[in-house]
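Input: a single structure, listed below in structure tokens.
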Amino acid sequence: MLKRKYGKIEWWRGTTDEVMIGAILTQQTRWENVEKAIHRLRKQNLCSMAAIDSTEWNNLEKTIKSTGFYRIKAARLKSLASHVLERYGGIERMAQQSTNNLRENLLGVYGIGEETADSILCYGFSRPCFVIDAYTKQICRCAGATMESSALKTEFEKVLPQDFAVYQQVHAHIVEYAKEYCVKKRCNECKIPTLNG
DNA sequence: GACCAGGTCCTTG
DNA sequence: CAAGGACATGGT
């Protein structure tokens with residue numbers, strides 16, 4: 001299943017802070033709308049945990065409005081920022097932690113579930129943590145693999161080489177593939193070609 | 001106007 | 001534990 005038809009996909013080429021921010025903003029939201037918000041945040045120098053932590057709620061909400069769910073997302077960004085600062089004092093210390101520790105801690109932060117935590121680890125901290133999202137689950141279901149996300153994650157990590165760069169590409173390819181061939185969330189209407197070559 | 005987007009949390013049964 | 005609703009703007 002070497003789907004190189006999409007070439008190398010570069011999601012998240014920003015800093016770790018930006019990846020974390022984007023990971024929350026993209027929850028249930030199109031990436032194009034997230035980019036707009038990130039540009040606005042950049043213009044105000046709000047693309048860091050410290051800045052998020054100290055800015056006014058009102059201002060934060062207004063700036064990320066284009067991503068929808070802006071009130072709850074502002075709360076999630078705030079909770080992540082204060083967690084990072086209180087627990088580690090900053091990204092540098094955070095980056096020294098083990099992957100398992102980081103994952104545990106991230107999952108304890110309000111607004112961060114499995115997918116967001118794994119996205120942050122894989123794309124922000126370059127850790128071999130495979131991301132299972134709705135598209136991946138759907139594709140696997142269509143292919144006959146009806147398992148929970150956590151089981152799928154384990155499976156992917158067992159089959160693929162333990163390399164964050166590989167995980168990043170494979171996940172990105174799966175999403176692009178699903179966007180192209182899956183019809184909404186109804187498997188029986190999907191037009192997925194055979195998964196080979 | 002209807003439907004959906006790279007989820008997560010909270011409430012119910 | 002599974003299922004359902006809430007959160008909200010922007011694009012097709």
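Lettering follows sequence order; numbering is per chain, from 1.
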Under 4.0 Å between a side-chain N/O of [X] and OP1 or OP2 of [N], yes or no?
| X | N | result |
| --- | --- | --- |
| A/K36 | C/dG11 | yes |
| A/Q27 | B/dG7 | no |
| A/T29 | C/dT9 | no |
| A/Y70 | C/dA8 | no |

Take atom [atom1] of [X] and atom [atom2] of [N], then tell me their distance rounded to the nearest Å.
| X | N | atom1 | atom2 | value |
| --- | --- | --- | --- | --- |
| A/L77 | B/dG7 | CG | P | 16 Å |
| A/L106 | B/dT8 | CG | P | 11 Å |
| A/K73 | B/dG7 | NZ | C1' | 9 Å |
| A/N33 | B/dA5 | CG | P | 13 Å |
| A/Y177 | B/dG6 | OH | P | 18 Å |
| A/E35 | B/dG6 | CD | P | 12 Å |
| A/Q28 | C/dG10 | CD | P | 16 Å |
| A/R76 | B/dC9 | CZ | P | 6 Å |

Watson-Crick/G-U partner (both atom distances under 3.5 Å) of C/dG5: B/dC9
Option passing side chain to side chain contact (heavy atoms under 4.5 Å, CB included) with A/I24 (candidates A/V109, A/V34, A/T116, A/T67): A/T116
Same-atom distance (P) from B/dC10 to C/dA8, integer angstrom: 14 Å
Nearest-angstrom distance, P atom, B/dG6 to C/dA2: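 Looking at atom P only, B/dG6 and C/dA2 are 25 Å apart.
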Salt bridge A/D118-A/R127, side-chain N to carboxylate O under 4.0 Å: no
A/F130 six-ring centre to A/K153 NZ/CZ under 6.0 Å and within 45° of normal: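 Because its charged atom misses either the 6.0 Å distance or the 45° angle limit, A/K153 does not stack over A/F130.
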Sugar-phosphate only, base, or nothing, as touched by A/I112 at under 4.0 Å among non-hydrogen atoms: sugar-phosphate
First of A/E32 and A/Y110 reached from the 5' end of DNA chain B, by closest nucleotide: A/E32
Closest-nucleotide 5' rank along DNA chain B - winner of A/R30 and A/L107: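 Whichever sits nearer the 5' end wins; that is A/R30.
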Gap between atom CD1 of A/I132 and atom SG of A/C140 - 0.5 Å precision: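 One finds 6.5 Å between SG of A/C140 and CD1 of A/I132.
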Listed nucleotide nearest any side-chain atom of A/T26, set B/dG7, B/dG6, C/dT9: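 Nearest to the side chain of A/T26 among the choices is B/dG6.
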A/E148 or A/S66, whichever maps to the more 5' nucleotide of DNA chain C: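 Whichever sits nearer the 5' end wins; that is A/E148.
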More than 12 heavy atoms from other groups under 6.0 Å of CD on A/Q44: yes
